[in-house]
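I have placed the structure first, in the form of structure tokens, so that the comments after it can refer back to it.
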Amino acid sequence: MLISGEQIASRVIEMGRQITNDCGGQAVVFVGVLKGAAIFLSDLVRQVEVDASFDFIGVASYGNPRGPKQEKIWDSTGEVRLTKDVEHSLRDQNVILVEDILDTGLTLSFLKRLLLGHQPKSFRVAVLLDKTSRRKLAFEADYVGFTIPDAFVVGYGLDYAEKYRNLRDIYVLPTPPAVD
Ligand code: IMP
Ligand code: MG
């Protein structure tokens, strides 16, 4: 186990307070990245004391699927494509994009460019986890729950092959032994 459900809950309360303070009473649209951020978003929005609405956006990476064999598998994802767009225009809205994990930065760089095209009034990014050492594109989130080392993690929304999203804590998935 890397981060317990209790640690997550108290950090999410702090992040909610920080967002509440930064919003100055203005309404916010939270945009969650499917599917991993759904659990984080649902906990976070309940800790924010401003008028909030939410929407979801979906993306997929080209190339091989992600997995615990880090270099071989996930470094080959080069590009991101949209699988589900937001339902409402974000024009003149205060937008907070909510993501489970910031890794290479490809996904959030792509989504930031896309959502800025809506001409929101303000745009910020909240991530639960940040693997700073894996960045390929420079990207900084405005709100970060935890900075973590370079390991493949699951739980609290994060999956491996669609499994483990419902775990309450966050775990490191061990790298399976190489088979030849
Ligand atoms: P990026 O585009 O490389 O920053 O990757 C972001 C996406 O990769 C996240 O939205 C996650 O879905 C996925 N991802 C990256 N690292 C992990 C991990 O350790 N566990 C599960 N998913 C991950
Ligand atoms: Mg994701």
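We use all heavy atoms of the structure for the numbers below, so side chains are in, but hydrogens, waters and symmetry mates are not. All ligand and atom numbering here is 1-based and tracks the order in the structure. These figures come from a predicted structure and were not determined experimentally.
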Ligand 1 contact on [X] by region, counting heavy-atom pairs under 4.0 Å:
{"X": "Val33", "value": "neither"}
{"X": "Leu158", "value": "side chain"}
{"X": "Glu99", "value": "side chain"}

Quick one: which ligand 1 atoms are inside 4.0 Å of a heavy atom on [X]?
{"X": "Ala151", "result": "19 (O)"}
{"X": "Leu106", "result": "2 (O), 4 (O)"}
{"X": "Lys131", "result": "16 (N), 17 (C), 18 (C), 19 (O)"}
{"X": "Thr104", "result": "1 (P), 2 (O), 3 (O), 4 (O)"}
{"X": "Asp159", "result": "21 (C)"}
{"X": "Phe152", "result": "17 (C), 18 (C), 19 (O), 20 (N), 21 (C), 22 (N)"}
{"X": "Gly105", "result": "1 (P), 3 (O), 4 (O)"}
{"X": "Asp103", "result": "1 (P), 3 (O), 4 (O), 5 (O), 15 (C), 16 (N)"}

**Report entry** Glu140 side chain near Arg135 side chain, heavy-atom distance below 4.5 Å
**Finding:** no

Report summary line: side chain to side chain donor-acceptor pair (under 3.5 Å) test vs Ser122 passes for just one of Asp92, Asp22, Asn94, namely Asn94

Query - 4.0 Å heavy-atom contact, Leu129 with ligand 1 - result: no

Query raised in the report: Hey, is Val154 one of the residues with a heavy atom under 4.0 angstrom from ligand 1?
Result: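 It does not, in that no heavy atom of Val154 comes within the 4.0 Å cut-off of ligand 1.
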
[X] versus [Y], closest heavy-atom pair with distance:
{"X": "Asp159", "Y": "Val154", "value": "C-CG1, 3.8 Å"}
{"X": "Val127", "Y": "Leu108", "value": "CG1-CD1, 3.7 Å"}
{"X": "Tyr143", "Y": "Arg124", "value": "OH-NH1, 2.7 Å"}

Strictly below 4.0 Å, N to O, side chains only: are [X] and [Y] in salt-bridge contact?
{"X": "Glu14", "Y": "Arg17", "value": "no"}
{"X": "Glu162", "Y": "Lys35", "value": "yes"}
{"X": "Asp100", "Y": "Arg165", "value": "no"}

**Report entry** The one among Asp100, Val59, Leu137 that brings a heavy atom closest to atom 12 (O) of ligand 1
**Finding:**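 Result: the heavy atom closest to atom 12 (O) of ligand 1 is in Asp100.
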
Report task. Report the C-alpha distance between Asn166 and Tyr156 in whole Å, list the side-chain angles of each, state the deciding distance to 0.1 Å, and finish with yes or no for side chain to side chain donor-acceptor pair (under 3.5 Å). Result -> CA-CA 6 Å; Asn166 63 325; Tyr156 195 75; over 6 Å; no

